[in-house]
Amino acid sequence: MAGMTLGAYLEAEVSDLDLIDLVDRIASACWKIAQVVRDAALDGNQGQADSVNPQGEVQKPIDLIADDIFRASCAQSAKVSVLVSEEVEEITNLKPGQSGDFIVAYDPLDGSSNLDVNLSVGSIFCVSRLADDLGPLPDGRSLKCAGYAIYGPSTMLVLTFGMQVVGFTLDVTGEDYVLTHPDMRIPAEACEFAINGSRSRHWDARVSTYVEGCITGPAGPRGKAFNMRWTASMIADVHRILTRGGVFLYPVDAENQAQGGKLRLLYEAFPMAMIAEAAGGRASNGQSDLLDIDAEDAHQRTSVILGARHEVDFFDALVTCN
Ligand code: AHM
Ligand code: MG
């Protein structure tokens, strides 16, 4: 399979022609966003815009440009009815919803605080279908596709349709995405963890116990050494875990609990959870699988504990110790 183009892969592996068309459009949008990210300093698109997103966070010009690109690409699909974007307060109804039409939830440029320092950022998305008995918000267990693009040293598109996770690298010269990572699996054993340690004064006892156990190393309760990494770009952290293993934690803590945590369920947690499960890992909110959480609000937030299945299970089991 390695070496296939994205188009050839979709044709071979996906039977839903409307979904193929949509994923192809999203892939094109990510390619354009990659170019905008690459040229941000040249084009004067670094720094802040005058606006805030639905979470009250100051937007960057490039957040808004990326949203325009992603939105326009999805809107070209006759089958997309609903868009949910991190950058837009209201759900966008592109056309009167019919059962079977697509809902696309996306963060057009995640980790954008990394832009000015030239580190990896990306786009995250998931796709579901409108159902007669469900509202316009995705159901985690009914997702048809999830993915992210990472704008790093190379641009990659990582996708799952539920059974496996595949990674394509953008070949700028050949003008196509090429399958370079045909079966991305999260290694069973984790030796790295990712958490923003500067928030430790806000953590609850369980998070502190978990991190302490990792830091103590071979002499501690885990009986082995852990390495720590944090890029402040979820896509980069998850991509590392998909590539060489580990666990990612962004828990609800004393400071962010009033808003329900930091990361957003629909367009950050759901897509990464579907990818983690398809790669043999697990994603939890500390109690239950993220994909089992009911979405009640377009921008609702959640704890995210994601990575090697054994490690996420271990964290969840710690609740009984407190
Ligand atoms: P964003 O959508 O505003 O970019 O925020 C999400 C990002 C994640 O990519 C990352 O894991 C997290 O925020 C970093 O948070 P912190 O600033 O606490 O390190
Ligand atoms: Mg984000």
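Counting convention: from 1, in listed order, for ligands and their atoms alike. These numbers come from the heavy atoms of this one structure, side chains and all, not from hydrogens, waters or symmetry mates. This is a predicted model, so every value here is computed, not measured.
- Judged purely by distance below 3.5 Å, without hydrogens or angles, the side chains of Y151 and S123 pair a donor atom with an acceptor atom.
- Within the protein, the N, O or S atoms sitting under 2.8 Å from the Mg ion (ligand 2) are E86 OE1, D107 OD2, D110 OD1, E268 OE2.
- A 4.5 Å side-chain heavy-atom check between F161 and L19 finds at least one atom pair inside the cut-off.
- Judged purely by atom type and a 3.5 angstrom limit, R309 uses its side chain to pair as donor or acceptor with the backbone of G281.
- Remark: side-chain polar atoms of S81 are paired, donor with acceptor, to backbone N or O of K95 under 3.5 angstrom.
- A salt bridge is defined here as a Lys NZ or Arg NE, NH1 or NH2 lying under 4.0 Å from an Asp or Glu carboxylate O, and K32 with D68 fails to meet this definition.
- In this structure, a donor-acceptor pair under 3.5 Å is present between the side chains of S112 and D63.
- Aromatic ring pairs are classed by plane angle as parallel below 30°, tilted from 30° to 60° and perpendicular above 60°; the pair Y250 and W230 is tilted.
- With E268 contributing its side chain and R264 its backbone, the two residues share a donor-acceptor pair below 3.5 Å.
- Pocket lining of ligand 1, defined as residues with a non-hydrogen atom under 4.0 Å away: E57, E86, D107, D110, G111, S112, N196, W230, A232, S233, M234, F248, Y250, K262, L263, R264, E268.
- Taking a cutoff of 4.0 Å between a charged side-chain nitrogen and a carboxylate oxygen, E212 and R222 do not qualify as a salt bridge.
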